[in-house]
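Please read these numbers as outputs of a predicted model, since none were measured by experiment.
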Amino acid sequence: MLPVIPVFLIGAASAPLLKKMIRPVVRGTVKSSVKLAMDARRVAHEINEDLSDIAAEATAEAFAADLQDGSDVPHQTTKKTRTSSAPAGA
């Protein structure tokens, strides 16, 4: 059992030193991960805005084309409501 005691003592003595060395590495990794996530969220938001702008432009162009064709009111799509096929007394 004598060989085990020196290894344990070496580990116990070096633990505070390792803690001081590892903490900045872990902190830097977490900080980089958070920054990367924030950048990804920002880019996704910008892409969403761009797609919304493109959709609005396409809609405006479609309405303008309908007006040029001579119709008074542009064609709009409306949601169709479902009618119930169940009898009224049921």
Side-chain angles (χ1 to χ4, degrees):
M1 194 146 124
L2 288 175
V4 175
I5 293 173
V7 173
F8 173 75
L9 290 176
I10 291 171
S14 64
L17 179 63
L18 286 174
K19 182 180 176 184
K20 287 182 180 181
M21 291 173 56
I22 291 175
R23 182 176 171 91
V25 172
V26 171
R27 183 178 175 157
T29 302
V30 170
K31 190 175 180 180
S32 297
S33 299
V34 168
K35 185 178 180 200
L36 182 64
M38 290 174 62
D39 288 344
R41 183 176 287 179
R42 180 185 52 80
V43 168
H45 181 71
E46 289 175 2
I47 290 171
N48 188 22
E49 285 182 356
D50 289 343
L51 289 175
S52 295
D53 290 345
I54 290 170
E57 289 172 8
T59 302
E61 289 175 6
F63 283 144
D66 282 346
L67 287 175
Q68 281 184 345
D69 289 343
S71 62
D72 293 335
V73 179
H75 301 298
Q76 281 187 316
T77 58
T78 58
K79 289 186 177 180
K80 294 181 181 179
T81 57
R82 288 190 175 184
T83 57
S84 176
S85 60

Rounded distance (nearest 0.5 Å) linking atom CG of Asn48 with atom CG of Asp53: 9.5 Å
Between the CD atom in Glu61 and the CD atom in Gln68, the distance rounded to the nearest 0.5 Å is 10.5 Å
At what distance, to the nearest 0.5 angstrom, does NZ of Lys31 lie from CG of Leu36? 14.5 Å
Looking at side-chain heavy atoms only, is the closest gap between Lys35 and Asp39 below 4.5 Å? yes
Quick check for you: to the nearest 0.5 Å, what is the distance between Ser14 atom OG and Met21 atom CE? 10.0 Å
Just verifying a value: how many Å separate Glu49 CD and Ile54 CD1, rounded to the nearest 0.5 Å? 12.0 Å
Are Val25 and Leu17 connected in a single hydrophobic cluster, I mean Ile/Leu/Val/Met/Phe/Trp/Tyr linked by side-chain heavy atoms less than 4.5 Å apart? no
